[in-house]
Amino acid sequence: MAVAQQQQQQRQATGESLMQKCKPYVAMVSLQFGYAGMNVITKVSLNHGMSHYVLVVYRHAFATLSIAPFALVLERKVRPRMSFWVFLQIFVLALLGPVIDQNFYYAGLKFTSPTFSCAMSNMLPAMTFVMAVIFRMEKVNLKKARCVAKVVGTLVTVAGAMLMTLYKGRAVEMVWTKHMHLHGPHQDAVAAAAADKDWLRGSIFLIIATLAWASLFILQAATLKRYDAPLSLTTLICFVGTLQAIVVTFAMEHSMSVWKIGFDMNLLAAAYAGIVTSSIAYYVQGLVMQSRGPVFASAFSPLMMIIVAIMGSFILAENIYLGGIIGSVLIVAGLYSVLWGKHKENAEKKEAEAMEIPVAIKGVDGNGRVMDIVELDEVQLEKAQVNGKAAAAAAHEHAAVVAVAVPAEEARMQGKDEA
């Protein structure tokens, strides 16, 4: 009976351990489905005539309302004081993210397709790396394999994006979409001419959006050093971005009818994008990054492109072109090359930090007292092992030792207790 209970407990422990290991994978795959749904629903809303300027306003209003309660409760004790410089950085972050990035991304999505937009967004790690090098946040040493991998990955990613922009190629027919494209040749020619007209413009908009998002990452990393409260910072960015987006919308849209929204696809697109991709996704991705690191989280982004391609072909009868497939393969290859280089860099940093861990040794000074020495240098460690007194003196000169003196009598009593 006892053996059976022990075996059952072992099986339960094994099952729980397996579930813990699978949680990050399930979370990231679910997150990609969430992002994919946002792209498809937004495309449907834009096709039905919703202004992308208004969509940006409503999206970030929903995002602000959904993130603010968590920021107020969870960061009420750690939120730093606001300064003018931090507010100026938040203003620029809101301009880069909610205003420039989102408006250009939605405009590019409207003129191209969800699959194409997702493929172009995979350029983000490469563009972030280029921006980091420009602002001297990254150092490039071509003698190291990780730096070569990041440089080559960036070049391959840019080549894939250029190929997707400049070369469309023939449409690749899917098995499940053959019955959706049974139009006359004249209709197909007219549709292709209309699509090609705005394809280049949409591609440029998507590149600008990705550049703005990469710039936001660079500035956000610097802002978090001054304002170390991620939830509060995200709330402020969304709130200020909403106000900026309202001003932009009034400047670009002169009809008040564009603001009308009912219980329809437009409301669903705004609420879904704000709550799911700007709130829930932020929280889930943050948890995964804390446990498995940013490289693990970034490695799942190409999955969104595949999901969007399948959903788009089913729901939107979207055409998939040869140039897009080849360009997507190049972009994903470049993405993983950059991520591999970043992974190796993080591993090297962890090894370097491990080498700096102090080593505690014991020595006896000239007065017969036991010295607990925290040694930071290997040379000093060897000296201390040979001569405790010389090590203590040398370490004191180099300010690399913390010594705690213990009387010899207490040391002998400790030795007896240990024995």
Side-chain angles (χ1 to χ4, degrees), residues 32-33 35-48 52 104-127 153-211 213 300-338:
Q32 301 313 310
F33 274 97
Y35 281 130
M38 185 273 293
N39 279 274
V40 174
I41 292 173
T42 301
K43 177 65 174 178
V44 173
S45 177
L46 294 173
N47 287 347
H48 282 76
H52 62 82
F104 277 102
Y105 183 82
Y106 285 151
L109 176 63
K110 183 177 181 179
F111 291 134
T112 57
S113 69
T115 304
F116 185 89
S117 301
C118 291
M120 294 292 279
S121 66
N122 284 323
M123 293 176 59
L124 180 61
M127 285 193 175
T154 301
L155 295 175
V156 172
T157 301
V158 172
M162 294 301 295
L163 178 65
M164 291 183 67
T165 302
L166 301 176
Y167 174 69
K168 204 171 182 181
R170 64 181 180 84
V172 178
E173 197 76 38
M174 299 296 176
V175 175
W176 59 82
T177 60
K178 286 183 178 181
H179 66 283
M180 298 180 182
H181 304 292
L182 299 177
H183 308 293
H186 177 69
Q187 291 177 320
D188 288 339
V190 171
D196 289 338
K197 182 179 179 181
D198 292 324
W199 195 267
L200 180 61
R201 189 196 309 178
S203 302
I204 295 172
F205 285 166
L206 291 171
I207 292 173
I208 294 173
T210 310
L211 278 172
W213 195 245
F300 285 83
S301 59
L303 179 61
M304 175 180 61
M305 180 178 61
I306 299 172
I307 298 170
V308 168
I310 297 173
M311 292 176 64
S313 63
F314 270 112
I315 300 172
L316 304 173
E318 176 189 342
N319 283 321
I320 300 175
Y321 295 96
L322 180 61
I325 294 176
I326 299 174
S328 299
V329 170
L330 289 175
I331 288 176
V332 171
L335 167 70
Y336 280 117
S337 180
V338 173

For Ser113, all residues meeting side-chain hydrogen bond (donor to acceptor under 3.5 Å, both in side chains), sequence neighbours excluded: Glu318
Interatomic spacing from CZ in Phe104 to CG in Leu211 - rounded to 0.5 Å: 11.0 Å
Minimum heavy-atom distance Phe111-Gly202, with the two atoms named: CB-CA, 3.8 Å
Between CD1 on residue Ile310 and OG1 on residue Thr115, distance to nearest 0.5 Å: 9.5 Å
Pairing residues for Ser328 by the side-chain hydrogen bond (donor to acceptor under 3.5 Å, both in side chains) criterion, not counting sequence neighbours: none
For Pro302 against Tyr336, the heavy-atom pair lying closest together: CG-OH, 3.8 Å
Pairwise distance CE(Met127) to OG1(Thr154) - rounded to 0.5 angstrom: 10.0 Å
Distance-minimising heavy-atom pair for Val308 and Cys118: CG2-SG, 3.5 Å
Shortest non-hydrogen contact from Pro125 toward Leu335: CG-CD1, 3.2 Å
For the student: nearest non-hydrogen atoms of Thr112 and Lys43, plus distance: O-NZ, 3.4 Å
Close side-chain approach of Ile331 and Met164, heavy atoms under 4.5 Å: yes
Side-chain touch Tyr167/Leu322, heavy atoms, less than 4.5 angstrom: yes
Distance, nearest 0.5 Å, that separates OH of Tyr106 from OG1 of Thr42: 4.5 Å
Pairwise distance OG1(Thr157) to CG(Leu124) - rounded to 0.5 angstrom: 10.5 Å
Trp199 and Phe116: CA distance, side-chain angles, deciding distance, ring-ring contact (aromatic ring centres under 6.0 Å, His included) verdict: CA-CA 10 Å; Trp199 195 267; Phe116 185 89; 4.9 Å; yes
Side-chain donor-acceptor pair present, Tyr105, Asn39, cut-off under 3.5 Å: yes
From Met120 atom CE to Leu109 atom CG, the distance as rounded to the nearest 0.5 Å: 12.5 Å
Criterion side-chain contact (heavy atoms from CB on, under 4.5 Å) on Ser121 and Met304, from CA distance to verdict: CA-CA 10 Å; Ser121 66; Met304 175 180 61; 4.1 Å; yes
Short side-chain to backbone donor-acceptor contact, Thr210 and Leu206, under 3.5 Å: yes
